[in-house]
There are 2 protein chains.
Amino acid sequence: MSQFPRGSTGPPDGVVVPDLPELPEATVSRLPEYLRALHQIAQAGQDTVSSEALAAAAGVKSAKVRKDLSQLGSYGTRGVGYEVAVLIEQIEQVLGLTQRRNVALIGVGNLGHALAGYGGFGSRGFRIGALVDADPARVGERLGDLVVTHIDELPATVAAEQIAIGVITTPVVAAQAVADRLVAAGVTSILNFAPCVLSVPDGVDVRNVDLAIELQILSFHEHRRGRGDPDGAAAVRRAAPKVVGP
Amino acid sequence: MSQFPRGSTGPPDGVVVPDLPELPEATVSRLPEYLRALHQIAQAGQDTVSSEALAAAAGVKSAKVRKDLSQLGSYGTRGVGYEVAVLIEQIEQVLGLTQRRNVALIGVGNLGHALAGYGGFGSRGFRIGALVDADPARVGERLGDLVVTHIDELPATVAAEQIAIGVITTPVVAAQAVADRLVAAGVTSILNFAPCVLSVPDGVDVRNVDLAIELQILSFHEHRRGRGDPDGAAAVRRAAPKVVGP
DNA sequence: ACGGGTTTGTGAAGCCGTGCACAAATCGCG
DNA sequence: CGCGATTTGTGCACGGCTTCACAAACCCGT
Ligand SMILES: NC(=O)c1ccc[n+]([C@@H]2O[C@H](COP(=O)([O-])OP(=O)(O)OC[C@H]3O[C@@H](n4cnc5c(N)ncnc54)[C@H](O)[C@@H]3O)[C@@H](O)[C@H]2O)c1
Ligand SMILES: NC(=O)c1ccc[n+]([C@@H]2O[C@H](COP(=O)([O-])OP(=O)(O)OC[C@H]3O[C@@H](n4cnc5c(N)ncnc54)[C@H](O)[C@@H]3O)[C@@H](O)[C@H]2O)c1
């Protein structure tokens, strides 16, 4: 509620953004979902949105939306809702998306090609700034307006393109070594597609995406549904968004 | 601890598996990670593993491992640890991976091709049993030993291939319609790569994978580290697996 | 047989997240 | 200007998850 909970030397630019004392991790992981929903709502022409409507669009409960947004300083108006444009700008500020972030893709194979050719990152605040591989046959290949560089040049590439995030799409055997080289080059955020645990120093963040794990979690519920549980297969009632897991 | 907490008509086959009263969702989402770690450990020749070692391999705390495994009926031996082979078989049982599960891939585009060509699912309990698209130009295309079929034939395909899980890799605009058709065809588990919220009836599970959201969460921490927080950038101490988020 | 070392399984405590329920605030309208 | 309708912001209670700490159980060498 307070507009300036802590003294800041001054608003950097654009919207007024109080530096938040501390944001619950659960809230952080939902902010991107709100942002995605808000962009849809904005494109539909709405200029304000209630917590109820935003909750429906994001697939959560409205109380959760209100509590999450209240953590950001709360620019909602009672009886009306939130200004969509303001909310978008504020969430983008908090997530650090006001400046476009450059990511490097390490391992331009099967999956790497798909990601490199994907045009959907631009509107979400990211640009693929480098394609990196170790295979001499791959180095030099051109994809769009990027050329695959060799991993030995990683430090120079990271510096030149101001890489903020490294995405690992190499085989498991190479993943740890690649992570080490990314860290050595100064990268402190890693998105890892290789199905393995990475060891990194303190101060470096890793997020893992393992599709087989997602399938296995689904398999568990499928399995559970099949056995004895009469509730699972029976009920086909309302068409509410029922999402399992995080 | 009890071997048969509830009466079952009889052990189906293989290992003795008590039907578990109820498994915490947080535990379920970690079992696949343990399984992945256990396969690595098994391949390294170890036949028993302590909760400490397994925890290290999976990137969690040992107490968590013990509590999770105790939920499954606890086949560990004090002073020794867990039998790797037994544990693998037991977790696979619980996750419903003793029978290979067939998945259908809907949307054989950029990302769909990458997934279809990925050979890593077989060892994790899954087989891609169908490739489905709506584009007549894509229908009939051959990838490996599969041929892309038309989405109008989805009910027949699901029945013929015993599809248990649908994977949506279509553009956002088509995702909801595809989900509806999957549900109509009898599929009750969906892995959704399209960045949107799906509405499904009760009894159907949806898991979403949105790469941009993962990047945005990383961006938040990166942003936070950059501003004021002197702890983040400073500390580069031990090489412990520090994974942010779920 | 027995004691020392090791590791499991779990009670208990604390923390975090969720959702309810309601007072406070704002708007529109008569 | 006042009133009813609407929606936010939040105190509070509850449940789930995590972590600690330790007794019980087990192996092995002597
Ligand atoms: N393809 C998929 O759909 C898919 C799905 C789930 C997970 N994955 C995981 O993603 C990763 C990549 O899968 P893929 O199918 O693209 O494999 P791939 O073999 O097609 O591509 C791997 C690429 O990494 C490069 N590489 C190898 N070692 C390297 C190193 N040290 N430094 C830089 N580059 C190196 C290779 O030259 C190759 O171009 C794997 O870990 C895989 O398990 C892939
Ligand atoms: N490619 C990536 O790396 C990437 C990354 C993140 C997210 N995604 C998401 O994954 C989805 C697919 O991305 P893509 O790059 O593969 O897109 P794409 O356009 O290359 O492929 C989409 C495919 O879906 C098919 N399709 C369209 N409507 C359909 C329908 N009603 N029924 C069946 N098939 C239909 C199209 O014919 C096409 O083959 C998108 O939602 C995208 O946002 C992709």
Side-chain angles (χ1 to χ4, degrees), chain A residues 1-3 5 18 20-31 33-34 38 41 46-84 86-87 90 240-246, chain B residues 1-3 5 18 20-31 33-34 41 46-84 86-87 90 217 240-246:
Chain A
M1 183 64 89
S2 57
Q3 278 196 329
L20 309 152
E22 203 164 357
L23 215 45
E25 191 58 32
T27 296
V28 172
S29 68
R30 275 190 299 269
L31 290 181
E33 302 176 20
Y34 299 153
L38 285 166
I41 290 166
Q46 299 280 340
D47 53 349
T48 66
V49 65
S50 70
S51 63
E52 201 74 45
L54 180 52
V60 300
K61 302 259 182 187
S62 65
K64 211 183 281 189
V65 169
R66 289 197 297 277
K67 191 149 281 190
D68 284 339
L69 295 185
S70 78
Q71 309 268 7
L72 312 187
S74 294
Y75 284 90
T77 306
R78 298 174 187 222
V80 178
Y82 302 86
E83 271 191 59
V84 175
V86 171
L87 210 46
Q90 198 179 8
K242 169 78 169 292
V243 178
V244 49
Chain B
M1 187 65 91
S2 58
Q3 278 197 328
L20 309 153
E22 206 163 354
L23 215 45
E25 190 59 31
T27 297
V28 172
S29 67
R30 274 189 300 267
L31 289 181
E33 302 175 21
Y34 299 153
I41 290 166
Q46 299 281 342
D47 53 351
T48 65
V49 65
S50 69
S51 62
E52 201 74 46
L54 180 52
V60 299
K61 301 256 180 186
S62 65
K64 212 183 282 190
V65 169
R66 289 197 297 276
K67 190 146 279 189
D68 283 340
L69 295 185
S70 78
Q71 308 268 9
L72 312 186
S74 292
Y75 285 90
T77 305
R78 297 171 189 229
V80 178
Y82 301 87
E83 272 192 59
V84 174
V86 171
L87 210 46
Q90 199 180 7
I217 294 172
K242 169 80 171 289
V243 179
V244 49

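Numbers restart at 1 for each chain; the letters A, B, ... are given by sequence-line order, proteins then strands.
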(message) Please compare A:A63 and B:E52 by the position of their nearest nucleotide in DNA chain C and report the one closer to 5'.
(response) B:E52
Can you tell me how far [atom2] of [Y] sits from [atom1] of [X], rounded to the nearest 0.5 angstrom?
X: A:R30; Y: A:K67; atom1: CZ; atom2: NZ; result: 11.0 Å
X: B:K61; Y: B:E52; atom1: NZ; atom2: CD; result: 9.5 Å
X: A:L23; Y: A:D68; atom1: CG; atom2: CG; result: 8.0 Å
X: B:T77; Y: B:E83; atom1: OG1; atom2: CD; result: 6.5 Å

Expressed in angstrom and rounded to an integer, what is the separation of [X] atom [atom1] from [N] atom [atom2]?
X: B:E22; N: D:dG16; atom1: CD; atom2: C1'; answer: 12 Å
X: B:Q71; N: C:dT10; atom1: CD; atom2: P; answer: 9 Å
X: B:L54; N: C:dG9; atom1: CG; atom2: P; answer: 12 Å
X: A:L69; N: C:dT18; atom1: CG; atom2: C1'; answer: 15 Å
X: B:L72; N: C:dG9; atom1: CG; atom2: C1'; answer: 13 Å
X: B:D68; N: C:dT10; atom1: CG; atom2: C1'; answer: 13 Å
X: A:K61; N: D:dT8; atom1: NZ; atom2: C1'; answer: 19 Å

Distances for protein N/O vs nucleotides 4-7 of chain D N/O pairs under 3.5 angstrom?
unit_1: D:dT7; atom_1: O4'; unit_2: A:G79; atom_2: N; d: 3.1
unit_1: D:dT7; atom_1: O2; unit_2: A:G79; atom_2: N; d: 3.4

If I compare all heavy atoms of [X] with all of [Y], which pair ends up nearest, and what's the gap?
X: A:S62; Y: A:S51; answer: CB-O, 3.8 Å
X: A:I41; Y: A:L54; answer: CD1-CD1, 4.2 Å
X: B:L69; Y: B:L87; answer: CD1-CD2, 3.8 Å
X: A:G76; Y: A:Y82; answer: CA-CD2, 3.3 Å
X: B:Q90; Y: B:L72; answer: NE2-O, 2.8 Å

(message) Before you tell me yes or no, could you show the steps for A:E25 and B:I217 under side chain to side chain contact (heavy atoms under 4.5 Å, CB included), namely the whole-Å CA-CA distance, both residues' side-chain angles and the distance that decides it to 0.1 Å?
(response) CA-CA 9 Å; A:E25 191 58 32; B:I217 294 172; 4.3 Å; yes
Name the pairs: protein N/O against N/O of nucleotides 11-13 of chain C, kept only if under 3.5 Å.
unit_1: C:dG11; atom_1: O6; unit_2: B:K67; atom_2: NZ; d: 3.2
unit_1: C:dA12; atom_1: N6; unit_2: B:K67; atom_2: NZ; d: 3.2

Protein-nucleic acid N or O pairs under 3.5 Å, nucleotides 14-17 of chain C:
none

